[in-house]
Amino acid sequence: MSTTEAQPAPVLAAGPLSGRRAVVTGGAGGIGAACARALAGRGAHVVVADRDEAGAGDLAADLGGDAWAVDLLDTRALETLTLEADILVNNAGIQTVSPLEEFDPEDFRRIQRLMVEAPFLLIRAALPGMYARGFGRIINVSSVHGLRASPFKAAYVTAKHGLEGLSKVTALEGGARGVTSNCVNPGYVRTPLVEHQLADQARVHGISEEEVLGQIMLTESAIKRLVEPEEVASLVAWLAGDDAGMVTGSSYVMDGGWSAR
Ligand SMILES: NC(=O)c1ccc[n+]([C@@H]2O[C@H](COP(=O)([O-])OP(=O)(O)OC[C@H]3O[C@@H](n4cnc5c(N)ncnc54)[C@H](O)[C@@H]3O)[C@@H](O)[C@H]2O)c1
């Protein structure tokens with residue numbers, strides 16, 4: 001794995017994740033960056049993996065971790081990877097919104113490659129080390145759309161449902177060897193990905209971005225606000241710790257009640 005060394009490493013406070021090495025994909029922005037900060041704040045050494053090399057480098061320097069500049073769509077390169085990680089957060093994701101009959105097949109394939117195939121290959125690359133150490137935490141950033149569907153999101157909903165299956169198989173195989181695997185399932189989180197979706201949905205439905213938020217994104221939600229990235233990160237950090245040792249094969253919804261109906 002090619003990593004660039006971070007700037008002078010600050011002394012990390014001792015914390016519940018001290019001595020653990022965490023790899024966070026899509027760690028340069030949005031939910032991934034919040035996860036990287038939360039894990040580092042609890043003492044983990046964090047590798048920020050992202051195609052945004054500058055963003056990953058800046059955050060890694062801030063956290064005293066490492067940056068891994070990687071395009072996870074290049075899945076061939078992941079087939080021979082050895083990944084040293086005690087904690088793997090499969091978070092990198094993208095979204096394309098389109099009616100099924102117009103859905104660009106290449107967009108569909110790209111989303112499966114980044115959000116199902118890459119997590120599979122990273123888990124595959126990390127498990128031998130985790131098994132050797134008798135400890136591992138795989139945390140897959142899924143979505144409410146891993147458990148429910150919405151129109152116009154065929155590729156994303158398909159990929160997240162696939163990730164849920166991958167996570168459960170990982171849990172079953174890893175359970176006896178100290179490795180847990182879980183999904184976190186946020187509703188709409190305040191990140192650039194959602195800001196782009198607001199614009200896309202406005203175009204598809206022919207309404208304003210404000211109307212998309214009120215009439216489409218949060219209509220089903222009991223709590224009428226976006227989830228904050230730090231709220232998702234706190235759940236991820238809990239799953240990474242020793243307290244969650246009996247939690248595996250689960251999916252943790254954080255959606256303000258959206259899926260309670
Ligand atoms: N934002 C939401 O409302 C929301 C809700 C539920 C689930 N999620 C999931 O959370 C995850 C993160 O979403 P986000 O909103 O923080 O997105 P984001 O767009 O803010 O950040 C995604 C990060 O992934 C990186 N990335 C994208 N493609 C990559 C590639 N090919 N290789 C390496 N890195 C790549 C980007 O550079 C970016 O740093 C995704 O899996 C998404 O599906 C998001």
Side-chain angles (χ1 to χ4, degrees), residues 1-3 23-38 46-60 67-78 81 88-97 107 109-119 121-122 139-150 153 155-164 166-167 183-201 212-213 216-218 221 225-233 235-236 251-256 258-259:
M1 163 179 125
S2 65
T3 58
V23 174
V24 182
T25 72
I31 294 169
C35 290
R37 288 188 186 285
V46 176
V47 178
V48 181
D50 206 290
R51 68 178 170 188
D52 173 2
E53 186 170 359
D58 287 350
L59 182 56
W68 178 20
V70 60
D71 183 353
L72 295 168
L73 282 169
D74 182 7
T75 43
R76 285 266 175 247
L78 302 179
L81 183 75
L88 169 62
V89 183
N90 279 314
N91 164 77
I94 49 177
Q95 173 70 279
T96 296
V97 178
D107 283 346
R109 284 186 210 107
R110 187 178 305 116
I111 286 180
Q112 309 316 308
R113 203 180 327 143
L114 178 63
M115 292 162 58
V116 181
E117 194 180 330
L121 290 167
L122 293 173
I139 300 153
N140 300 300
V141 180
S142 177
S143 163
V144 169
H145 285 117
L147 307 171
R148 299 281 192 281
S150 290
K153 296 184 175 178
Y156 187 90
V157 170
T158 302
K160 291 302 192 191
H161 276 67
L163 183 65
E164 295 279 330
L166 173 66
S167 184
C183 288
V184 297
N185 302 66
Y188 290 105
V189 185
R190 189 188 307 283
T191 71
L193 185 142
V194 162
E195 279 152 16
H196 294 142
Q197 272 188 67
L198 276 171
D200 276 358
Q201 291 265 20
V212 171
L213 197 60
I216 297 174
M217 287 189 173
L218 301 180
S221 185
R225 68 166 173 83
L226 295 173
V227 182
E228 297 299 330
E230 293 71 23
E231 292 174 309
V232 181
L235 178 56
V236 168
S251 298
Y252 276 76
V253 174
M254 184 184 278
D255 68 351
W258 188 83
S259 57

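Each ligand, and each atom within it, is numbered from 1 in the order the structure gives. Remember, predicted model here, so these are calculated numbers, not experimental data.
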Trainee: Among protein heavy atoms, which sits nearest to atom 13 (O) of ligand 1, and what does the distance come to when rounded to 0.1 Å?
Mentor: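 Nearest protein contact, heavy atoms only, for atom 13 (O) of ligand 1 is Leu193 CD1, 4.0 Å.
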Trainee: Number the atoms of ligand 1 from 1 as they appear, then name those within less than 4.0 Å of a heavy atom of Leu72, with their elements.
Mentor: 30 (C), 31 (N), 32 (N), 33 (C)
Trainee: What are the two closest non-hydrogen atoms of Ser142 and Glu164, and how far apart are they?
Mentor: OG-OE2, 2.6 Å
Trainee: Taking 4.0 angstrom as the limit and counting only heavy atoms of Tyr188, give me the atoms of ligand 1 inside it, by number and element.
Mentor: 3 (O)
Trainee: Going by the order shown, which atoms of ligand 1 are within less than 4.0 Å of some heavy atom of Asn91?
Mentor: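 Atoms satisfying the 4.0 Å criterion: 10 (O), 11 (C), 12 (C), 40 (C), 41 (O).
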Trainee: Return a yes/no value for Asp71: is any of its N or O atoms, backbone included, closer than 3.5 angstrom to an N or O of ligand 1?
Mentor: yes
Trainee: Counting non-hydrogen protein atoms only, what is the nearest one to atom 20 (O) of ligand 1? Give residue, atom name and distance.
Mentor: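 Answer for atom 20 (O) of ligand 1: Pro192 CD, 3.3 Å.
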Trainee: Considering the heavy atoms of Gly29, write down every atom of ligand 1 situated less than 4.0 Å from one of them.
Mentor: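 Close to Gly29: 39 (O).
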Trainee: Starting from atom 6 (C) of ligand 1, what is the nearest protein heavy atom, named by residue and atom, and what distance separates them?
Mentor: Pro186 O, 3.4 Å
Trainee: Where is the nearest protein heavy atom to atom 37 (O) of ligand 1: which residue, which atom, and how far?
Mentor: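 In this structure, atom 37 (O) of ligand 1 has Asp50 OD1, 2.5 Å as its nearest protein heavy atom.
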Trainee: So do the side chains of Leu235 and Ile139 get within less than 4.5 Å of each other, counting heavy atoms only?
Mentor: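 SC-SC contact between Leu235 and Ile139 ruled out.
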Trainee: Mark the output for Gly187 as yes if a heavy-atom distance to ligand 1 is under 4.0 Å, and as no if none is.
Mentor: yes
Trainee: Applying a strict 4.0 Å limit to heavy atoms, is Ser142 in contact with ligand 1?
Mentor: yes
Trainee: Provide the number and element of each atom of ligand 1 under 4.0 Å from a heavy atom of Val194.
Mentor: 1 (N), 2 (C), 3 (O)
Trainee: Tell me which protein heavy atom sits closest to atom 24 (O) of ligand 1, plus the residue, atom name and distance to 0.1 Å.
Mentor: Gly26 CA, 3.3 Å
Trainee: Is the shortest distance from a heavy atom of Lys160 to ligand 1 less than 4.0 Å?
Mentor: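 Yes.
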Trainee: List the closest protein heavy-atom neighbour of atom 8 (N) of ligand 1: residue, atom name, distance to the nearest 0.1 Å.
Mentor: Tyr156 OH, 3.5 Å
Trainee: Determine whether Val89 and Val141 make a side-chain contact, defined as any pair of heavy atoms from C-beta on separated by less than 4.5 Å.
Mentor: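 A side-chain contact exists here, since the closest heavy-atom pair is under 4.5 Å.
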Trainee: Does a side-chain heavy-atom distance below 4.5 Å link Leu163 with Met115?
Mentor: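 Side chain of Leu163 against side chain of Met115, heavy atoms only: no contact under 4.5 Å found.
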Trainee: Check ligand 1 against Val70 and write out every atom of the ligand that is under 4.0 Å from a heavy-atom position of the residue.
Mentor: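 Here the atoms of ligand 1 in question are 32 (N), 33 (C).
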Trainee: Check the pair Met254 / Val184 against side-chain contact (heavy atoms from CB on, under 4.5 Å), numbers first and verdict last.
Mentor: CA-CA 8 Å; Met254 184 184 278; Val184 297; over 6 Å; no
Trainee: Report the nearest protein non-hydrogen atom to atom 1 (N) of ligand 1: residue, atom name, distance rounded to 0.1 Å.
Mentor: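 The closest heavy atom on the protein side is Thr191 OG1, 3.0 Å.
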Trainee: For ligand 1, is any non-hydrogen atom under 4.0 Å from Asn185's backbone (N, CA, C, O), its side chain (CB onward), both, or neither?
Mentor: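 Neither; no heavy atom under 4.0 Å.
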Trainee: Within ligand 1, which atoms have a heavy atom of Gly30 less than 4.0 Å away?
Mentor: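 This gives 16 (O), 20 (O) as the contact atoms.
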Trainee: Please check this pair: side chain of His145 against backbone of His161, looking for a donor-acceptor N/O pair closer than 3.5 Å.
Mentor: no
Trainee: With a 4.5 Å heavy-atom cut-off, do Arg190 and Glu230 have their side chains touching?
Mentor: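 The answer is no, as the side chains (C-beta and beyond) never meet within the 4.5 Å cut-off.
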Trainee: What are the two closest heavy atoms between Val23 and Ala49, and how far apart are they?
Mentor: CG1-CB, 4.3 Å
Trainee: Please say whether Ile31 places an N or O atom under 3.5 Å from an N or O atom belonging to ligand 1.
Mentor: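 Yes - when backbone and side-chain N and O of Ile31 are compared with those of ligand 1, one distance drops under 3.5 Å.
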Trainee: Using a 4.5 Å cut-off on heavy atoms from C-beta on, say whether the side chain of Gln95 contacts that of Val194.
Mentor: no
Trainee: Is the closest side-chain heavy-atom distance between Leu72 and Leu122 below 4.5 Å?
Mentor: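 The answer is yes; the side chains approach within 4.5 Å.
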Trainee: Using a 4.0 Å cut-off to any heavy atom of Val141, which atoms of ligand 1 qualify?
Mentor: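 Once the distances to Val141 are compared, the set is 9 (C), 10 (O), 11 (C), 41 (O).
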Trainee: Report yes if some heavy atom in the side chain of Pro119 is under 4.5 Å from a heavy atom in the side chain of Leu166; otherwise report no.
Mentor: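 Yes, close enough: below the 4.5 Å cut-off.
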Trainee: Side chain to side chain contact (heavy atoms under 4.5 Å, CB included) with Ile31: which of Val227, Val24, Val236, Thr191?
Mentor: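 The option that passes is Thr191.
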Trainee: When you measure from atom 4 (C) of ligand 1 to each heavy atom in Asp74, Val232, Val184, Val189, which option holds the nearest one?
Mentor: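 Residue with the shortest heavy-atom distance to the ligand atom: Val189.
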Trainee: Is Met217 close to Val212 at the side-chain level, that is, under 4.5 Å between some pair of heavy atoms?
Mentor: yes
Trainee: If you take all heavy atoms of Asp50 and Ala56, which pair is closest and at what distance?
Mentor: CB-CB, 4.1 Å
Trainee: Among all protein heavy atoms, pick the one closest to atom 26 (N) of ligand 1 and tell me residue, atom and distance.
Mentor: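 I find the closest protein heavy atom is Arg51 NE, 3.9 Å.
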